[in-house]
There are 2 protein chains.
Amino acid sequence: MVSRAIARAAVLMNNNSGKKSHGKPTIATVAQRAGVAVSTVSRFLNGHYVSKEARARLTEVIEELGYVRSWTARNLSLGLRGCVGVVVDSSQDLWFTQLLAGIEEELSTRDTSLMLASLELSGRYDPRIVQQWVRERRVDGVILVKSQRRDRPLIHECTEAKLPTVMVAPDEAVAHVHVVRCDNRAAGATVAHHLANLGHKRIAFAGGPEHSVDTRQRLNGLREGLEERGVRLDPKRVSFCASYEADAGCQFASEILKAPLDFTALVTGNDALALGFMRIAQQHGIRIPERVSVAGFDDIPEGALLWPGLTTIAQPTREMGRAACQKLFEAIAEPGEQQVLVYPVDLVVRESTARPVKP
Amino acid sequence: MVSRAIARAAVLMNNNSGKKSHGKPTIATVAQRAGVAVSTVSRFLNGHYVSKEARARLTEVIEELGYVRSWTARNLSLGLRGCVGVVVDSSQDLWFTQLLAGIEEELSTRDTSLMLASLELSGRYDPRIVQQWVRERRVDGVILVKSQRRDRPLIHECTEAKLPTVMVAPDEAVAHVHVVRCDNRAAGATVAHHLANLGHKRIAFAGGPEHSVDTRQRLNGLREGLEERGVRLDPKRVSFCASYEADAGCQFASEILKAPLDFTALVTGNDALALGFMRIAQQHGIRIPERVSVAGFDDIPEGALLWPGLTTIAQPTREMGRAACQKLFEAIAEPGEQQVLVYPVDLVVRESTARPVKP
DNA sequence: TTGTATGCGTTATCAG
DNA sequence: CTGATAACGCATACAA
């Protein structure tokens with residue numbers, strides 16, 4: 001007992017003068033300098049009850065010492081990791097990089113780092129890394145981006161482990177997790193109105209995979225939007241691609257261009273499909289938008305880079321990234337109700353759509 | 001012997017039974033179950049000296065308990081953060097996202113997370129977040145991607161703070177840090193040979209900023225490569241853009257297209273510039289590659305998406321990301337010599353280059 | 001409101 | 001080679 005008290009005294013001595021550790025001031029240094037207990041400092045740092053005088057003294061001392069708290073220690077004490085996981089099919093996805101910017105922004109305000117996981121890093125689907133995260137609880141929460149049907153087991157594991165989870169733009173109906181997405185139906189309707197206003201009557205739709213919720217909602221929006229303008233979307237002109245990749249758009253184009261085009265405007269399930277279509281169409285000498293107008297969804301940056309620029313629907317992607325992060329932090333702080341946040345979309349008109357030469 | 005071990009185990013059991021842990025097994029749980037001290041377990045985990053028997057017993061117990069070590073605690077003890085910083089102008093940069101994939105890959109093998117910082121997140125240059133990182137030592141090291149002249153103060157702060165630093169594809173001459181980059185001179189020479197082989201004699205170069213090291217090296221490589229084929233690069237056909245963005249490429253195109261083209265092939269400082277040029281050229285009805293061949297550097301994914309596809313020089317970007325990460329970990333483990341890793345490049349031929357119609 | 005004492009899970013030191 | 005124990009820096013019941 002006595003020896004222990006002495007040891008403690010020695011420690012305090014050390015903290016006082018020599019700063020034996022990394023040289024950086026700790027909560028103890030601050031406490032001592034301010035003449036209060038460490039717990040008071042801790043309470044102050046976390047915004048709990050502290051007397052006016054102590055508060056003033058502490059702000060002063062902290063400033064003076066240039067003290068910054070150790071989040072590692074805090075996390076250890078709290079049983080946290082100070083790190084959230086972000087999961088996406090491929091970090092190459094351009095829409096995702098915009099989302100990432102929003103996440104990054106929000107993360108930088110807290111002291112939380114992030115771990116990235118691409119489900120398809122090396123060409124084939126492999127969710128094991130993420131499964132490790134949840135099993136070993138290497139992250140305090142996860143943001144699942146654009147998850148699909150094949151991710152169901154993964155999602156299940158997250159909820160099962162009671163790991164705070166936020167899904168962004170899920171292409172699946174999900175429950176028991178926060179969701180941040182855009183208004184796909186409105187997006188479809190907006191495109192519809194744009195094309196109808198230009199005078200298009202014969203419009204085709206080339207979606208992503210048929211079971212994709214995004215595709216279905218966008219298609220519904222398109223159909224309804226056209227009907228509102230008295231234009232009918234002929235089911236014969238509706239088709240689906242195998243994926244959302246540009247390759248699938250190329251394939252669709254190669255297929256459809258075997259016969260003469262019987263439509264004046266094409267709406268695709270997303271921008272990548274549109275770009276793929278445009279690439280092949282141009283290769284075939286088909287002029288856009290003179291011969292056919294093209295519109296997509298997502299507003300990926302490439303759309304603005306090529307000629308003609310792609311008319312598309314923009315989501316407030318960065319804002320959605322920030323929101324996802326905020327929701328995740330809320331969920332980590334106190335697991336509560338699951339919310340669904342729906343964001344409005346915007347039409348971006350570029351050169352790929354124009355009045356039809358002959359309706 | 002045996003009975004003593006058992007007795008000790010019993011005591012430890014008692015000691016431990018009162019603990020209110022999160023239910024997860026800790027190093028102590030493992031130690032008592034295996035009948036050894038925590039320090040032995042720790043040594044085992046870190047690959048230090050442990051007797052054969054203890055080693056065997058521990059692997060067994062750890063497997064049995066499903067024990068996973070707490071990296072938070074480890075970092076606290078080691079004075080680390082378990083997190084590296086990755087800094088780039090804009091996380092939207094497509095070349096960067098490929099690099100990120102490599103970094104991600106390497107990070108996932110260790111238990112280290114990452115913090116992202118875009119120097120130009122909100123439109124204007126703002127290195128304050130990164131400065132905070134180094135001052136408060138919120139990261140164990142940083143990877144600086146494509147840093148430029150304006151980043152000099154930042155780099156200085158990093159080295160000053162003795163923060164392990166790796167630079168990837170720096171566009172500046174730097175010392176005292178690890179560097180991972182590609183062979184820009186060879187890249188230029190490779191393009192030169194490709195174009196010369198196609199029969200081009202009148203070749204133009206539109207670089208990035210004039211002081212850019214990348215641009216200068218690529219230009220030198222191009223010039224030398226052409227000379228090797230007996231083609232002279234006319235200085236009148238060499239110009240520089242204000243930036244490496246597509247916009248600058250557009251601007252260059254608008255400018256140069258005011259007069260008739262006096263060259264049959266254009267090499268740009270990077271792919272983005274090439275895309276910008278192509279967009280405007282096509283808008284002006286200039287056919288690529290019939291009227292002018294175009295080649296860039298970097299092999300960003302968009303280059304393959306449009307028509308005609310862009311001929312370019314590919315870097316082993318992902319591998320470079322992994323290497324940067326590895327070097328950083330080495331530097332964190334033991335600060336030592338600064339190395340420069342130079343990676344070879346590859347020519348990717350697409351549709352934007354062809355034989356000139358009339359040399 | 002403040003202070004005391006202890007826990008969080010590892011690693012490092014140093015004596016056996 | 002192994003074991004006991006002091007850091008690491010912070011949070012928080014509990015007592016005052």
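Throughout, protein chains are lettered first and strands after them, A, B, ... in sequence-line order, and every chain is numbered starting at 1.
Between the side chains of B:Ser118 and B:Ser91, at least one donor N or O lies within less than 3.5 Å of an accepting N or O. Of the N and O atoms on the side chains of A:Gln326 and A:Glu106, at least one donor lies less than 3.5 Å from an acceptor on the other residue.
The A:Ser42 side chain lies nearest to D:dT12 when the options are C:dT1, C:dT10, D:dT12. Closest approach to the B:Thr26 side chain among D:dG9, C:dT1, C:dG9 is made by C:dG9 (side chain taken as heavy atoms from C-beta onward). Closest approach to the B:Ala73 side chain among C:dG9, D:dT12, D:dC1 is made by C:dG9 (side chain taken as heavy atoms from C-beta onward). Listed nucleotides D:dT2, C:dT2, D:dC10 differ in distance to A:Ala54; the shortest reach to its side chain belongs to C:dT2. Picking from C:dT11, C:dT2, D:dG9 the nucleotide with the shortest atom distance to the side chain of B:Arg74 gives C:dT11. The side chain of B:Leu76 sits closest to D:dG9 out of D:dG9, D:dC10, C:dT10.
Nucleic acid contact class of A:Val36 (heavy atoms, under 4.0 Å, all strands): sugar-phosphate only. At a threshold of 4.0 angstrom between heavy atoms, the contacts of B:Val38 include nucleobase atoms, whether or not backbone atoms are also involved. Among the atoms of the strands shown, none is found under 4.0 Å from any heavy atom of A:Phe44.
Protein atom CD1 of B:Ile62 is 16 Å distant from nucleotide atom P of C:dG9, rounded to whole Å. Atom CZ of B:Arg43 and atom P of D:dA4 are 11 Å apart (whole Å). If you measure from atom CH2 of B:Trp71 to atom C1' of D:dC8, you get 17 Å, rounded to the nearest angstrom. A straight line from CG of A:Leu58 to C1' of C:dT2 spans 12 Å, rounded to a whole angstrom. A:Ile27 places its CD1 atom 5 Å from the P atom of D:dC10, with the value rounded to the nearest Å. Put simply, CZ on A:Arg81 is 13 Å from P on C:dG9, counting in whole angstrom units. As rounded to whole Å, 20 Å separates atom P of D:dC8 from atom CZ of B:Arg69. Whole-Å rounding puts the B:Gln32 CD to D:dA4 P distance at 12 Å.
One donor-acceptor pair, N or O on each side, does fall under 3.5 Å between the base of C:dT10 and the side chain of B:Ser77. A donor-acceptor contact under 3.5 Å is formed by the side chain of A:Ser39 with the base of C:dT4.
For the pair A:Glu64 and A:Arg57, the salt-bridge criterion is not met [side-chain N within less than 4.0 Å of a carboxylate O]. In this structure, B:Arg150 pairs ionically with B:Glu120, as a charged nitrogen and a carboxylate oxygen lie closer than 4.0 Å.
Between B:Lys146 and B:Asp93 there is a side-chain heavy-atom pair separated by less than 4.5 Å.
Here A:Tyr49 does not reach the OP1 or OP2 of C:dG3: none of its side-chain N or O atoms lies under 4.0 Å away. Residue B:Thr40 has a polar side-chain atom (N or O) positioned under 4.0 Å from OP1 or OP2 of D:dG3. Within the structure, every side-chain polar atom (N or O) of A:Asn75 is placed at least 4.0 Å from both OP1 and OP2 of D:dC10.
Remark: side-chain polar atoms of B:Asp151 are not paired, donor with acceptor, to backbone N or O of B:Leu154 under 3.5 angstrom.
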